There are 2 protein chains.
Amino acid sequence: MKISEVSEQSGLSVDTLRYYEKVGLLPPITRTNGGIREYTEADIKRIDFIKCMRTAGLPVDVLTEYFALVEQGDETIEARKEILQTQRTRLVAMIAELQDTLALLNSKIEGYEDALLQAEQELTDSY
Amino acid sequence: MKISEVSEQSGLSVDTLRYYEKVGLLPPITRTNGGIREYTEADIKRIDFIKCMRTAGLPVDVLTEYFALVEQGDETIEARKEILQTQRTRLVAMIAELQDTLALLNSKIEGYEDALLQAEQELTDSY
DNA sequence: TTAACACCTGGAGTTAACTCCAAGTCAAGG
DNA sequence: CCTTGACTTGGAGTTAACTCCAGGTGTTAA
């Protein structure tokens, strides 16, 4: 798969894909004779995982560290697990916070609905 | 309340508080004769609201626009409601995404737990 | 009244994560 | 073969949201 196709499919820009490779978030992608990147299925899967974690606010350098550990093989399983657990804790806290914010937003919106309703009422009353 | 106390209480740095004022996220804070900021209860409440929305990823300029509308009085209620509704939609989508990511993270962690268990098993087997 | 410390300003610097650019190479159709 | 369009690189530029700094002023306790 060529870079433009991967970009299309993943929603990440070609610049971002090359940037991810530069900072070690993606492995060195294999090339055709002419030097053009050819993404494998495994690369695509990794990109999906990265995308998911990035939208959850997991920083690029944490992910880079994680993949570096993956490269190092089975001895790093414990360390990798810890990284993921730390991020899980962060995520759980974040979801809770977002839900609080959502509740606040809902009550604000409701407040505005009441205000609008009342304004309308007053308009009607003036007849 | 002085800026350092507000900082302490809100968890925002004094620099951030001054920055928020500069970009119009906070109104011009009233000053003592000497020119030192004296935050009112209303300011504190607004800071709490801002903090909540910022941690939910609501951009500073959207919030600035929102408060500018608040200044303009009742005619802008409809517009303000729309801003909040847009953000609510964004938030709901975000929470859903985070929950998906959390599920993925959980299954990855479980995978590592199995791997560790198996490694231990093999260690025991070797006796 | 002076030391020490918190506060002020305007403006420069930082960080993360891209995003863009110039100048060049590769691939495919006519 | 030549053009057109996608690909390459290294490196510079951008954006949001702070964060820091220098040089100065206000405040308070000994």
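Convention: sequence-line order gives letters A, B, ...; per-chain numbering from 1. Here the structure is a predicted model, which means the values were calculated and not measured.
- A straight line from NZ of A:K2 to C1' of C:dA27 spans 8 Å, rounded to a whole angstrom.
- For residues 16-26 of chain A, proximity to DNA chain C is found at A:T16, A:Y19, A:Y20, defined as any non-hydrogen atom under 4.0 angstrom from a strand atom.
- Under 4.0 angstrom from either OP1 or OP2 of C:dA17 there lies at least one side-chain N or O belonging to A:R54.
- B:V60 is connected to B:L26 through a chain of hydrophobic side-chain contacts under 4.5 Å among Ile, Leu, Val, Met, Phe, Trp and Tyr, so both are in one cluster.
- A:R31 has a carboxylate O that lies under 4.0 Å from a charged side-chain N of A:E21, or vice versa, which qualifies the two as a salt bridge.
- When the C1' atom of D:dG26 is taken as reference, atom CD1 of B:I3 falls 15 Å away, rounded to whole Å.
- The separation between B:D15 atom CG and C:dT14 atom C1' is 13 Å, rounded to whole Å.
- For the residue pair A:R80/A:Y66, the side-chain donor-acceptor check at 3.5 Å is not satisfied.
- In this entry the distance linking CD of A:E8 with P of D:dA6 reads 12 Å, nearest Å.
- The side chain of A:S4 places an N or O atom within less than 4.0 Å of a non-bridging phosphate oxygen (OP1 or OP2) of D:dC7.
- Whole-Å rounding puts the A:I29 CD1 to D:dT8 C1' distance at 15 Å.
- When distances run from any side-chain atom of B:R31 to the nucleotides C:dC7, D:dA17, C:dC8, the shortest one goes to C:dC8.
- Residues A:M1 and A:I36 fall into different hydrophobic clusters, defined by Ile, Leu, Val, Met, Phe, Trp and Tyr side chains chained together at heavy-atom separations under 4.5 Å.
- Side-chain atoms of B:S13 lie closest to D:dT19 of the nucleotides C:dC7, D:dC7, D:dT19.
- Atom P of nucleotide C:dA16 and atom CG of A:D61 are separated by 7 Å, given to the nearest angstrom.
- Connection of B:F67 to B:Y19 is established within a shared hydrophobic cluster, with ILVMFWY side chains joined at heavy-atom distances below 4.5 Å, either directly or through further cluster members.
- Look at CE on A:M53: it is 15 Å from P on C:dA17, rounded to the nearest Å.
- Among all heavy-atom pairs drawn from B:A79 and B:L69, the shortest one is CB-CD1, 3.9 Å.
- With a 4.5 Å cut-off on side-chain heavy atoms, B:K2 and B:E38 count as touching.
- Across the interface with DNA chain D, nearest-nucleotide mapping of B:N33 and B:V60 shows B:V60 to be the residue nearer the 5′ end.
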